[in-house]
Amino acid sequence: MCGIVGCIGNKQAQNYLIGGLHRLEYRGYDSAGIVTIGSDQKATLLRAKGKVSELEKLADKNKSISTIGIGHTRWATHGEPSKTNAHPHKAGDIYLVHNGIIENYKELKSELKKHKFITQTDSEVLAALIDSLYDANTTLADAVNQALKLVVGTYGIAVVSVREPDQIIVARSGSPLIIGIDDDETYIASDASALIGYTNRAIYLNDGEMAICRKNGVELRDLASQPISAQVETIEVDMQAIQKQGYNHFLLKEICEQPTTLRSTLSGRINTKDKSVLLSGLNLSSAELRKIEHVTIIGCGTAYYAGLLGSYYLEQLVDGLTIDVVAASELRYRTFHLPKNTIALVISQSGETADTLACLREIKRRGVKTLGIINAVGSTIAREVDGGVYVHAGPEISVASTKAFTSQVAAITMFGIQVAQAKGTGMQIMSKYIDELAKLPDEIEKIVSKYKDKVAKVAKRYAQYEHALYFGRDTLFPIAMEGALKLKEISYIQAEGYAAGELKHGPIALVDDAFFEVALLIDNWLFDKSLSTLEEVNARGGHIFAITNSKKEIQAEEVIRINTKLDILAPILINVVQQLFAYYMAVARGNDVDQPRNLAKSVTVE
Ligand code: G6P
């Protein structure tokens, strides 16, 4: 979703602004813009609909040597994607970029009679509001401060003024903002990836904080204008992690690097010799772990499906544990009840998803302990949970989530093992889980290298279809839903994921020549049942592509048989095959794999 960059210092601002916006492209957007202010106090405002490369062409024609500026990538909420609606927005002497939603914008707008509104955005209202309070006796910082007291909604903002070209004012409430510090250079970004290579020292703004950023210093305040001391943290991501490194797409890179990223998730946490797990960030004593009776898992999209798969593992690992898994967008408006001795697992790659964050806050308000399973270090959810596990999968750039899923499932499983350890239950199954987790990275490595080309071939066969049905039983049910999600996100093929046993209660009516089916089967006690479902689909003229670990005979148009020693965690391997399948389908259809239409990587608005 929307991205913010800014900088002030001695270097040409345009270079960082354009470079930074390119880094934020992965978040999903539809227009972009920058403004710089010259030493003559004149502003150069450039905006373009579409890609940052369009904006870059404009910038090349309008080179500016000014050393202060702000920029934005916009993901339309209020008003269509257009050059006019693109940020920065101008009001009087100020320019503003905004992430989030100003909920009372209509009310505010009706009182701002002097400003001639030219956009349909809520953000222009905020710019006009600040301008209306910015008279000759007021500083920009004070005008921003007063305006924010009148605003209802969420925001991350950066504001500049031609009257005070020595500072950028930033503020946050619900939308992340990070200030990067270097000698004589201060950077602003809504996402740490825009700062990598420029500086690794950063201040993460908290909700209700604002800052006056100058080239050689940052002054932090709360909205009551009280000074706050800044905590400078180190960003630990390197350049390599945000580059394609020879792959055609980030998505393929992220699928292929799963052995490495999963090793980082497991590293130092599982011990295969004494068959134990230690997650040091849970902030729970053994007594507290022993007391857990119920786990509520929340997440959105792929994180939700990781939670769903994780719940099957948790209930196998911990005797008597009850679990519910709910999509955060649903839970936040439900009258839900949390039994006593509940722990909430909050799953999010970005750590910024608005619905997930809202649930976290509600659960905390009820006094229930929360644990995060988070990838993005320093993200809002990671900062607000009581404890948790960083999955350490590294930056996930492609909009469709892949490596984060695998690491999230591993983290939930390790959590289950740690609870089981504390309770002293299920020792045998625990040791099997630990052995399989330890082997999983190597197994994924084999799957990717051995089946990549075969999957690409199979994808060519199905790339012309417009409808797909994925089905699997037990642990393969969440995998079927995740497979369908991946396919629809990047290939735009209508895809549904179903529990195989539910097929005859409706979806089997869909089977015809316009559909193909992805059947997921594991050679376990449910194999014969899964085979029956497959036969039923075949009998109705289905076009089945089966993915299995079984050597037994399977009637299907295409079969990929993975050869693996894993048993309980085999669904994760089947998912890797599905990830590759979705990728090659999208490539075959000529789609924008890493930035699929209409989607955003980090959904920071409702
Ligand atoms: C968006 C992304 C999905 C992701 C979901 C949850 O919809 O496009 O790929 O699974 O958000 O994101 P999170 O960062 O909370 O895991």
Side-chain angles (χ1 to χ4, degrees), residues 1-3 24-29 75 174-176 190-193 250-251 254-255 261 265 297-310 325-332 344-361 370 372-385 388-409 411-412 478-479 481-492 495 497 575 578-579 582-583 586 591-606:
M1 286 205 156
C2 304
L24 299 184
E25 284 191 286
Y26 79 98
R27 298 172 62 88
Y29 70 103
W75 191 85
S175 256
S190 54
D191 179 325
S193 59
F250 279 108
L251 188 65
E254 286 159 10
I255 294 171
T261 53
T265 311
I297 304 180
I298 54 164
C300 293
T302 291
Y304 166 60
Y305 293 138
L308 219 48
L309 177 60
V325 191
V326 196
S329 55
E330 278 298 306
L331 187 75
R332 70 181 289 189
L345 289 190
V346 183
I347 307 178
S348 176
Q349 187 286 126
S350 64
E352 301 293 349
T353 302
D355 285 324
T356 313
L357 181 59
C359 287
L360 162 66
R361 288 177 177 164
T370 55
I373 308 277
I374 309 294
N375 191 32
V377 176
S379 57
T380 309
I381 296 177
R383 298 157 85 79
E384 293 194 14
V385 284
V389 187
Y390 273 128
V391 300
H392 296 310
E396 195 179 61
I397 307 289
S398 198
V399 166
S401 183
T402 52
K403 61 177 180 171
F405 175 88
T406 305
S407 290
Q408 285 158 351
V409 176
I412 301 168
I479 293 290
M481 289 195 283
E482 169 58 12
L485 178 66
K486 219 61 353 168
L487 191 73
K488 69 184 111 181
E489 283 180 308
I490 58 174
S491 74
Y492 316 143
N575 189 51
Q578 292 187 145
Q579 293 172 343
Y583 170 74
N591 293 352
D592 186 344
V593 174
D594 286 330
Q595 289 164 39
R597 69 185 186 202
N598 305 341
L599 296 180
K601 181 70 182 158
S602 177
V603 182
T604 48
V605 296
E606 233 189 292

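Positions are given from 1 along the sequence. Counting starts at 1 for both ligands and their atoms, following the listed order. Atoms considered below: every heavy atom in the structure, side chains included; atoms not considered: hydrogens, waters and symmetry mates.
- For residues 389-399, every residue pair satisfying the salt bridge (charged side-chain N to carboxylate O under 4.0 Å, His left out) rule, not counting sequence neighbours, is listed here: Glu396-Lys601.
- Ion pairing between Arg27 and Asp191 holds under the 4.0 Å rule for side-chain N and carboxylate O.
- Between the side chains of Ser401 and Thr302, no donor-acceptor pair is found at a separation under 3.5 Å.
- Counting heavy atoms from C-beta on, the side chains of Ile412 and Ile347 come closer than 4.5 Å.
- Within 4.0 Å of ligand 1, counting heavy atoms only, the contacting residues are Cys300, Gly301, Thr302, Ala303, Ser348, Gln349, Ser350, Thr353, Val399, Ser401, Glu489, Ala600, Lys601, Val603.
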Taking it one step at a time, do Thr353 and Asp355 satisfy side-chain hydrogen bond (donor to acceptor under 3.5 Å, both in side chains)? CA-CA 6 Å; Thr353 302; Asp355 285 324; over 6 Å; no
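- In this structure, the side chains of Ser398 and Tyr26 stay at 4.5 Å or more apart for every pair of heavy atoms.
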